[in-house]
Amino acid sequence: MSIEDAINNAVEHASSTVRGLSWFEVVETRGTISEGKVAHWQVTVKIGFTLD
């Protein structure tokens, strides 16, 4: 999994319950290491949306 995959997963998850998403900002990036390699990415994002 890449950092782009982590961001896409966050946006897709948010879009399942919130309408009108318009922007995102990655505010934190973390990951786990296994056997000397990056195993997983985790991102914290802010997502902007408009209210009806």
Side-chain angles (χ1 to χ4, degrees):
M1 177 185 261
S2 69
I3 191 168
E4 289 88 359
D5 291 332
I7 295 166
N8 283 326
N9 286 341
V11 171
E12 287 176 23
H13 185 72
S15 70
S16 69
T17 58
V18 179
R19 295 184 312 241
L21 301 183
S22 58
W23 59 269
F24 72 90
E25 175 186 356
V26 177
V27 295
E28 186 175 20
T29 306
R30 292 185 299 269
T32 58
I33 300 169
S34 177
E35 298 178 10
K37 296 182 180 178
V38 175
H40 298 94
W41 287 97
Q42 182 180 16
V43 295
T44 303
V45 296
K46 291 181 181 179
I47 298 179
F49 58 94
T50 54
L51 298 174
D52 291 338

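All values below were derived from every heavy atom in this structure, side-chain atoms included, with hydrogens, water molecules and symmetry-related copies excluded.
Lys46 pairs by the side-chain contact (heavy atoms from CB on, under 4.5 Å) definition with Trp23, Glu25, Val27, not counting sequence neighbours. Shown here are the salt bridge (Lys or Arg N to Asp or Glu O under 4.0 Å) partners of Glu28, two or more places apart in sequence or in another chain: Arg30. Judged as a side-chain contact (heavy atoms from CB on, under 4.5 Å), and not counting sequence neighbours, the contacts of Thr32 are Ala39, His40.
Although no hydrogens or angles enter the test, the distance criterion places no donor-acceptor pair under 3.5 Å between the side chain of Asn8 and the main chain of Asp5.
Closest heavy-atom contact between Ser2 and Trp41: C-CD1, 3.6 Å. Summarising the geometry of Ala10 relative to Ile47, their closest heavy-atom pair is O-CD1, 4.2 Å, with the distance given to 0.1 Å.
Val26 places a side-chain heavy atom less than 4.5 Å from the side chain of Ile7.
Interatomic distance, CD of Glu4 versus CG of Asn9, reported as 11.5 Å (0.5 Å rounding).
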